[in-house]
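One structure below.
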Amino acid sequence: MAGGSSPSPAAAPVQVRCAGCRGVLAVGPGMTEFICPKCHMAQRLPPQLMPKSTSSSSSSPTPKSPAKPSLPPSTQPRRGAPPAQGVDPTKIQLPCAHCQAVLNVPHGLARFRCPQCGVDLAVDHAKLQNFLASSNSAPPSGLAPASGPTTQVPPVPFLQILPPGVAQPLQLVAGATIPMVLPAAEPEEINEVAIDVEREEDEGGTVGETFTDYRPPKLSLGLSHPDPVVETSSLSAVQPPEPTYNLNIMDELDETKALSCLQIETIVYACQRHLHHLPTGDRAGFFIGDGAGVGKGRTIAGLIWENWQQGRHKAVWVSVGSDLKYDARRDLDDVGAKCVQVHPLNKLPYSKLDSKAIGIKNGVIFVTYSSLIASSERGRSRLQQLVQWCGHEFDGLLVFDECHKAKNLIPDAGSQPTRTGKAVLEIQEKLPEARVVYCSATGASEPRNLGYMVRLGLWGEGTSFHNFPQFLGALEKGGVGALELVAMDMKARGMYVCRTLSYKGADFDIVEAPLEERMMNMYRKAAEFWAELRLELLSASELIAEEKGNSNQIWRLYWASHQRFFRHMCMSAKVPAVVRLAKEALAENKCVVIGLQSTGEARTEEAVTKYGVEMEDFVSGPRELLLKLVEENYPLPPKPDSFQQGEEKVTEIQRKRHSAQDVSFKGRVRKVAKMVDVSDDDTDDYSPSESDHESTESDEEFHMCQICNTEEEKSLLLHCSSCSRHVHPNCLTPPWTGMLTDDWACYTCKIVEDEEIEQDAHVADFSKRYDAAVEKKLKILDIIRSLDLPNNPLDDIIDQLGGPDNVAEITGRRGMLIRASDGKGVVYQARNAKEVSMEMINMHEKQQFMDGKKLIAIISEAGSAGVSLHADRRAKNQRRRVHITLELPWSADRAIQQFGRTHRSNQTSAPQYRLLFTNLGGEKRFASIVAKRLESLGALTQGDRRAGPSLSAFNYDSNYGKKALTMMYRGIMEQDSFPVVPPGCSDDEASIQAFIDEAKAALISVGIIRDAVVCNGKDGGKLSGRIVDSDMHDVARFLNRLLGLDPNIQNRLFDLFTSILDVVLHNARIEGQLDSGIVDIKAKKIEMKESPKTVHTDSLSGALTVLFTFTIDRGRTWESAKAMLEERQKDGAGSSNDGFYESRREWMGRRHFILAFEGSTEGMYKIIRPAIGDALREMPSTELKSKYRKVSSIDKVSKGWQEEYDTSSKQCMHGSKCKIGSYCTIGRRLQEVNILGGLILPVWGAIEKALAKQVRQIHKRIRVVRLVTTNDSQRIVGLLIPNSAVESVLTGLQWVQDIDD
C-alpha cells in the first residue's frame, strides 16, 4: 500500500477508486488491469498497489483481456477505502515539482498550472523519454536509497512507445530527474520555440480583410446599390440556394429603378422561403439582418407591393415609433405602391377594424411594439383586434421591423420575460399561415435573444435541438465560433441576408478625455463624500436595526444612485472635450452629431418643481440626485410626538386602574338613609342646602380603609396624594412607620410615579436622538449643497455651443433650461415653439439640421430611433458628419443603432466616429458592456465577430475576467500571491504590502470588503475582513464600485485587474482553452486533396453538409527567405536588426532558425520560420533578443534552415518521440486539414460526441476555421475536424455519397 506498507493478502481483493467515475472498485487478487463496470474505462492499478514480488507476479497468469472488477458491497464503510486511484491510460501520471501532487496530464499538453498549488509547470517530452528509459533499467522490486527527504514515487502508466517486455509499471529510481519542472527553475529545459508556435497555431490570426465587397451571387436583376456594400468574409464563403421565385413587380421595377439589386435579392429569397412550411406546420419565416442604412424600409415596402400583386391585400407592419409611419408611407410611394393605405393603429378605436364605423378592409396596419401590448379599459387588447382583422387563415405579411425590441423572451435566470417578447410570440402562434419577416441590424446580439424567431426552424421538430433552451445551451458551449456558424447556416438555407454599408470611409477613434484639474478635485471630493455618507448611513441604520427590509431598500437605492452619480460625473468630465471637438469640426467645415443616452430630464423637472422656472444656474444632476437620496432615504428614529401620545394613553389607563371611591360605607349609608327619611315624611320644608351640608360633614368624618374595608376616622388613615386612597398604616405591606407629609403617596402610586419619571426621561432621550438625527441629516444636505458639482451635460453643451438657436436637439425630453436674455440666470421653457407641436418637434429639429440651418445635433436614444442624419445627397446640408459619443449606450445593439443614424445609403461622405472615454479606469465598465455585446453581435448578425468596431480590448466581463478578479481579490486579502507585480510597486515586499493596505482601505470604503476590523498582536494595525463569495467573481460590481474611488487608487486597481487578466488569457491560450472565434488558416500552398464527401442533406432547403480534406504547405524555402531579406535591404526599408537569427538554446541537438524584420510598430518584429512561414503575431524586441541571437554566417543559416525545412515535412517540432505521434501538427510544414463545411446545425450533436472523445483539450473544442485554396481561390469556412477524430465523426454521420464536380 501507499507509504511502503505491505500489499493486500493474496486472497483479499484490492480496493481502488476508478479514474473515471471515481466509484470504489474491488479488484481481484493478481489482477493489474481492469475495466470499470460503471463507466467502462480501461485502467490499471497504481504502482503502490502493484504486487511487489516479481516471482509472485510471474506465477500468476496474465489475463488476456482486462477483467471487470466487482463493485464493493454498499454496506461497506467508506472510511476505510480506497487508499489509491486507478490509472487512466489516456493520460500521463506525473508529480508536481513543487507540491509533489500526482497529476493526470493529457498527452501532448506542454504547459499548464498545478491545480493544487497553482504553480506553472512544463513537460519536456525529450527529457521524459530519457527518464522513462532510465526507469526501465532500474530494479523493479524497490527504490535505491537516496539522501535527503524521500521523493514521492510518481505513478507512470504503460505507454505504447515503451520498450517491449515491460510487464509491470515503471518506477523512478532515487535521484532520477522529475520530468515536470518549474519554468522559473530550469528554463533551459523548455522548448520555447515549440511553445510559441503552438500558441500561434491555437490562437489563429486576423490576417486579411474582414469584409468582402458584396454583389448578389446568383441574381443579376436591378441596378447596383448606390453605396459600396460589404459582407463578412465568413458569410461570403457560404452560397445561398438557387433562386426559383419570379417577381410579379419586376417589370415595374425595371422602369422605376426604385430598388437596387440587393433589395430585389432580399425580396426574391423572402418570397421563396415563404412558400415552405416547417415540420410543425407553420409557414417558414425570413430574417433581414442588413446593417443600419442599407435600405430595409424600402425592401419591406417592396415585399408588401409584391404580395399585394399576388392578391394578398392585408399586411401588418410592427415598428418602434409612431413617427416611422411617415417613413413607411414614403417607402411605399417610392416603390410605386401609392394605392396601398397605411393605417396607424394607435389613432384608431379598439372596435373591429373592418366594422362600418372604422371600415378598414385592406392595406397596411402600422403598429408600434408598445401598442401591441396595449389594451382598453374594457380589457380589449390591440393584439386581439389585429388577430380578428387578419383572420385565422391570414397568409399576408407580418413584419417585425427593428425586431430587437422583442428580445428577452427567454431572459437570464431569475428575471421575467418581457411583455413585448410574449406578444410577438403570441401573434405568431395565432397566425400560423402568416408570412413572417424579422428585420433588424441587431436582431441577435446574444443567442438568447433569438428566442422569439420561432419561424426560422432552428430548433423544434425535425432539428437537432428539441427546444430553444437546448439550442441555446449548444451555442453557449460552442462559444463565439458557434454563433458564427448559425449565421452561415441560415444563409445557406435561404432564410437570412446580412449586408452592411462599407465602413471604408468611416473613421473610428477612441478619444481619451483626461480630467481637468478642477474636475479631478471635484471627483476626489465627491468620492470622499460618498465614502463618508456610507458610514453615516451605516451608523444611522443601527438606530432602526429592527426595520431590516427598510435597511436593504436604502442600500439598494444607495448603490444605484452611486453608480448613476459617477456615470454622470464621467459624462460631465467629457464636456470640455466634446465642445473642443465640435468647434474643431465646425472650423473644418464639417457638422457635428453628439450621441448620448440620458438627458437628465427627471432631475431638471424635480429642480423646477422645487425652485421654480427661474434659477441662478443650470441644474446639477449629481447634486439633485444626492439631495433626493438623502432627503427621502436618510434613516430617522421614530418621531417623539407620536411616541409620547402613545405613552400618555398608557399612563392614563394605569391611573384609572388604581383610582377608587373616597366615601366610607357608614357615610354612604347615612346619606342614603337621610334621603329615604325625607322621602318618607313627604314634607315640603326639605332644604337641599342644609341636608347636603350635613351629608358632607358626615362623609368627611369617616373614611373606608381601601385594604381591610373597615371604617375609620379620617385622622387615623393615611391619604394618598396621587390616587386619593385612604388606608391604615398597618394594613400596608410593609406597615408604614414614617412621617406623614402632604404629598405622601401609596406604594402603588410611588411605582407608577417612578415609571412616569423614567418614561419622561425615555421620551426626552428619544426626542434628543430624533433631533440629533434631523440635525445630522440637515448638515449632510448643507454639505451636498456646498459641494462643487458639475451641471447637466446636455444643457451645458447646448449653452457652450451657442444655445438652442445653433443646436438641434432630437431627444425625448419636453422642456429645457436656457440662458436668460440678460445673461443672468437660466429659465425653464418648453422645447417646442408656438408653431410646432410637441409631437413634431424632433422632426422639425431634424429638418433644421438637414437643411443646414443648425450645424450641431444632439441625439438621445429615445428621440432618434430610425432618424436619418447622414450626409444625404438629397439634403442641403452635405457637410461630413463628425459623430461624437458623449455617453456609450448600455448595449451594443443600441451603439450600432446610434452609429447608424449618421452612416446610411446615398451619402456623399462617411462619418467620423469619436468614442470618448475619460482616463478613469472604472469608466471602462460601460465600454466593457458594449464590447461584450459587440463581440457576439458582430458574430451573429454578421457572421464574424471582428465585423463591429473594435472595442474588444474593453471586454472584461467574461469568464476570464471573473477568474482574474478572483485572483486579484485573493491577493489583496493576502490569501495568495499576485501573479504580477501591482502597478507602481517594486519587487520588494514593503511596497507591495503598502499597496495591499491601500487597496483594502479602498475596497472597504465601497463596501466590497465587509466586516472590516483592525488586527491586534503580530498583525497589529492591519485591516482584515471578508469578501462574500458572490462578489469574488462579480466583475460588473467591481467596475461599478471602482467609480466611487479616488482616481489614483481607482486606476491602480484597474491596471492590476487588467494585468492579471492578460496573464489569465495568456495561460488559456497556451492550454488551448481560449475561444478565438474564426481562425484563419494561412499557408503558401492550400489544395483540396480529394473530392468532398456529402454527409447530410437538408430536406427543406436541399443545403448540404460536406467534409473537405486539404493538404497544406506552410513552409518557406531558404531561397525565398534569403530573397526577402535582400529585397528589403535593397529598398532601404530595413533596420540594422533585420536578419537571420538562431535560438540561444539547443533542443535535441539542434537550434531553430528565424528571419526577423522590424514590424508595423517600433520595437515589434515580424517573424518568418522555415516550417510555418510567416508567424501570425509580431514579437517584441526584448523577447527576440532574449530567445535568439543574430547570425552573420550565411552558410550556417543556410544549412540549419534547409534541415529544419526538410525535417518539418514529416515531423512535428517535438521530434520523433512526440507523445501524440503522427496526430501532432505543432510546427509541422506539410499537413492534412479536414473541414466540415456547409450546413452544420443539423449534425451538431454527432460532431459534439465525436470531439468529446479526443485526447488533446484543444481538439475537444468546437473550432471554426476559414481558408482559401491557392490553386483555385475557393473560400471554405467550417468546423476543423482533427485528424484523430475524422473516423468517429464520419461513423456518427454515416456519409453516403460524393459530390459531383
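When reading the values below, keep in mind they use all heavy atoms of this one structure, side chains included, and skip hydrogens, waters and symmetry mates.
In this structure, the side chains of F995 and L1056 come closer than 4.5 Å at one or more pairs of heavy atoms. Contact annotation: the side chain of F618 approaches that of V826 to within less than 4.5 Å [non-hydrogen atoms, C-beta and beyond].
A salt bridge does not link K1000 to D997: none of the charged side-chain nitrogens sits closer than 4.0 Å to a carboxylate oxygen. Salt bridge present: E606 and R603 bring a charged side-chain N and a carboxylate O closer than 4.0 Å. Contact check on K525 versus D788 returns no salt bridge, with no Lys/Arg side-chain nitrogen under 4.0 Å from an Asp/Glu carboxylate oxygen. Between D1031 and R1010 there is a salt bridge, since at least one side-chain N of the basic residue sits less than 4.0 Å from a carboxylate O of the acidic one.
Across all non-hydrogen atoms, the minimal contact from K777 to V630 is CE-O, 3.6 Å. For Y969 against M1032, the heavy-atom pair with the smallest separation is CD1-O, 3.6 Å.
Not a single donor-acceptor pair under 3.5 Å links the side chain of R813 to the backbone N or O of E601. Distance alone, capped at 3.5 Å, places no donor-acceptor pair between the D1046 side chain and the A527 backbone.
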Please walk me through it: do R831 and N842 pass side-chain hydrogen bond (donor to acceptor under 3.5 Å, both in side chains)?
CA-CA 10 Å; R831 272 185 58 215; N842 282 341; 2.9 Å; yes
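Aromatic ring orientation, Y523 versus F566: tilted (interplanar angle from 30° to 60°).
Residue D782 qualifies as enclosed at atom CG: its count of foreign heavy atoms under 6.0 Å is above 12.
Residue F565 is tested with L626, L1043, L629 for a side chain to side chain contact (heavy atoms under 4.5 Å, CB included); the sole match is L626.
One finds the CG atom of L789 at 5.5 Å from the CE atom of M569 (value rounded to the nearest 0.5 Å).
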